[in-house]
Amino acid sequence: MSLDAATAFLREHVAPNAHAIDSSVEAMGVAFNEMRRQGLMALKRPTQYGGPEISEGEFRTYQEEVARASGSFAFLQTQHQSAVNMIAKQASEEIKSEYLPLMHGPRTVGIGFSQLRRTGEPICKAVETDGGYLLNGEVPWITGLGFFDEYLIGSVLPDGRAVFGFMPFGDAEGQTMSEPMRLAAMETCQTVTARLSDYFLDSRKVAFINDKDWMRKNDAFNIVVQGHFAVGCALAGADIVQDVARKKGFDFLQETATKLYAEIEECRAGLIAHQRDFSEDTAPKRLEKRAWAIDVMMRSAHAGVVASSGAANYFSHPAQRVLREAIVFSVSAQTVPIMEATLSRLTRS
Ligand SMILES: Cc1cc2nc3c(=O)[nH]c(=O)nc-3n(C[C@H](O)[C@H](O)[C@H](O)COP(=O)(O)OP(=O)(O)OC[C@H]3O[C@@H](n4cnc5c(N)ncnc54)[C@H](O)[C@@H]3O)c2cc1C
């Protein structure tokens with residue numbers, strides 16, 4: 001039911017406006033506020049906090065459909081849906097009761113913890129102090145300025161654990177945010193960097209503390225899960241080829257679309273087969289699937305450009321937009337093993 005409502009929302013408010021959403025912050029805001037109004041912002045929220053707790057399979061289908069409709073919109077809203085899932089899985093009862101009942105729309109939260117993936121000296125550090133933590137350093141990527149009320153930061157403690165807490169999404173005492181970044185793709189998601197100088201994180205704003213190895217384990221868990229965005233973007237590329245095939249009538253265009261849809265479906269089945277498989281032993285297989293999703297996404301997006309000819313270069317043409325979106329989905333939630341697997345696939349003979 002909720003998956004139907006979410007896909008109907010995408011069909012009506014996102015897919016037809018994908019170009020505007022990609023090029024205008026205002027258009028992004030209109031779609032985003034409509035999604036909030038329809039209460040679709042917390043699709044995996046547990047029933048006890050308001051639901052709709054859609055199944056894992058339905059959620060991955062939704063991820064594909066939203067990326068197929070608009071990569072930028074997919075990227076913006078997924079930050080909040082991720083925050084919902086993290087809070088539901090890890091936060092204290094007090095935080096869950098305060099946040100989750102409002103997260104279907106009224107209360108919005110982004111995320112800023114990719115810095116935990118970086119090796120060597122942490123770039124964002126926390127030390128315990130009276131009543132909370134003092135945070136110092138940098139958060140290199142936080143998407144959603146102007147859209148989210150707060151963001152969930154991950155900051156490293158001296159013993160290597162990471163404290164996660166709610167931060168204001170804007171300048172505040174001890175926090176300075178950059179202007180939204182100029183980006184090749186998904187610029188309307190308004191991604192910023194934050195600099196922290198003795199920012200006081202009140203212990204009442206702490207969501208949870210994770211052990212030293214959490215980021216690595218979480219990334220290992222997410223290897224295939226994030227691949228569904230690439231599948232959605234690949235479908236968007238194949239859709240363009242299909243549309244052009246109908247207009248231009250060449251058999252080879254239809255054959256290309258058919259081949260791409262078949263490969264994307266096979267790749268998707270591979271991701272789904274590993275959906276509940278988190279063991280270290282299967283990581284190489286799962287990395288292969290993620291790399292495949294990235295590879296077929298890029299080829300499909302490129303096929304959309306080639307099939308569309310010179311018109312693909314028009315700023316308003318979907319083919320160049322989908323190709324740009326594929327750049328972000330090639331590196332979002334990237335780890336060193338994912339980078340290696342992707343490059344190995346791209347250079348195989
Ligand atoms: C448009 C955009 C928006 C984003 N929004 C968000 C967001 O809202 N929230 C969020 O949490 N993340 C966000 N990200 C981050 C995204 O998930 C990261 O791209 C991803 O985590 C990879 O990190 P990185 O790009 O900073 O690469 P890096 O961290 O620079 O490199 C990737 C890996 O290489 C390793 N590495 C880098 N340099 C060296 C070196 N010199 N020696 C050894 N190893 C090295 C790092 O340790 C790391 O594991 C966003 C990214 C983009 C592109």
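Atoms within each ligand, like the ligands themselves, are counted from 1 in listed order. For the numbers below, each heavy atom of this structure counts, side chains included, while hydrogens, waters and symmetry mates do not.
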Ring geometry between Phe164 and Trp214 (parallel below 30°, tilted from 30 to 60°, perpendicular above 60°): perpendicular
Check this for me - ligand 1, [X], N or O atoms closer than 3.5 angstrom, yes or no?
{"X": "Phe113", "value": "yes"}
{"X": "Ser332", "value": "no"}
{"X": "Val328", "value": "no"}
{"X": "Leu183", "value": "no"}

Would you check if there is a donor-acceptor pair between the side chains of [Y] and [X] at a distance under 3.5 Å?
{"X": "Arg321", "Y": "His19", "answer": "no"}
{"X": "Trp292", "Y": "Glu263", "answer": "yes"}
{"X": "Thr176", "Y": "Asp171", "answer": "no"}

Under 4.0 Å from any heavy atom of [X], which atoms of ligand 1 are there?
{"X": "Gln334", "result": "20 (C), 21 (O), 22 (C)"}
{"X": "Gly112", "result": "11 (O)"}
{"X": "Val331", "result": "19 (O), 20 (C)"}
{"X": "Gln79", "result": "7 (C), 8 (O), 9 (N)"}

For the student: nearest non-hydrogen atoms of Ile142 and Ile111, plus distance: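 Closest approach of Ile142 to Ile111: CG2-O, 3.6 Å.
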Residue portion contacting ligand 1 (non-hydrogen atoms closer than 4.0 Å) for Phe75: side chain
Are any of the protein's heavy atoms under 4.0 angstrom from [atom], yes or no?
{"atom": "atom 2 (C) of ligand 1", "value": "yes"}
{"atom": "atom 15 (C) of ligand 1", "value": "yes"}
{"atom": "atom 7 (C) of ligand 1", "value": "yes"}
{"atom": "atom 41 (N) of ligand 1", "value": "no"}
{"atom": "atom 31 (O) of ligand 1", "value": "no"}

Beyond-backbone contact of Met181 with Glu187, side-chain heavy atoms, under 4.5 angstrom: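 Heavy-atom side-chain distance check fails, nothing below 4.5 Å.
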Flag side-chain contact, heavy atom, 4.5 Å: Lys44 against Glu53: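 They are not in side-chain contact.
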For ligand 1, is there an atom lying under 4.0 Å from some heavy atom of [X]?
{"X": "Met186", "value": "no"}
{"X": "Pro140", "value": "no"}
{"X": "Ala333", "value": "yes"}
{"X": "Thr191", "value": "yes"}

Note the single closest protein heavy atom to [atom], along with its residue, its atom name and the distance in Å.
{"atom": "atom 5 (N) of ligand 1", "answer": "Thr143 OG1, 2.8 Å"}
{"atom": "atom 29 (O) of ligand 1", "answer": "Arg118 NE, 2.8 Å"}
{"atom": "atom 9 (N) of ligand 1", "answer": "Ile111 O, 2.9 Å"}
{"atom": "atom 34 (O) of ligand 1", "answer": "Val336 CG2, 3.6 Å"}
{"atom": "atom 43 (C) of ligand 1", "answer": "Thr119 OG1, 4.1 Å"}
{"atom": "atom 10 (C) of ligand 1", "answer": "Trp141 O, 3.6 Å"}
{"atom": "atom 48 (C) of ligand 1", "answer": "Arg117 O, 3.9 Å"}

Aromatic centroids of Phe166 and Tyr99 separated by under 6.0 Å: yes
Charged N-O contact under 4.0 Å between [X] and [Y]:
{"X": "Lys212", "Y": "Asp159", "result": "no"}
{"X": "Arg345", "Y": "Glu288", "result": "no"}
{"X": "Asp219", "Y": "Arg117", "result": "yes"}
{"X": "Arg216", "Y": "Glu280", "result": "yes"}
{"X": "Asp277", "Y": "Lys285", "result": "no"}

Residue pair Gln115, Glu138: steps toward the side chain to side chain contact (heavy atoms under 4.5 Å, CB included) verdict: CA-CA 8 Å; Gln115 63 277 7; Glu138 189 190 333; over 6 Å; no
Set of side-chain contact (heavy atoms from CB on, under 4.5 Å) partners for Lys217, sequence neighbours left out: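 Scan of Lys217 (side-chain contact (heavy atoms from CB on, under 4.5 Å), adjacent residues dropped) gives Asp211, Asp213.
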Proximity winner for atom 11 (O) of ligand 1, if only heavy atoms of Cys189, Ser114, Ser82 are counted: Ser114
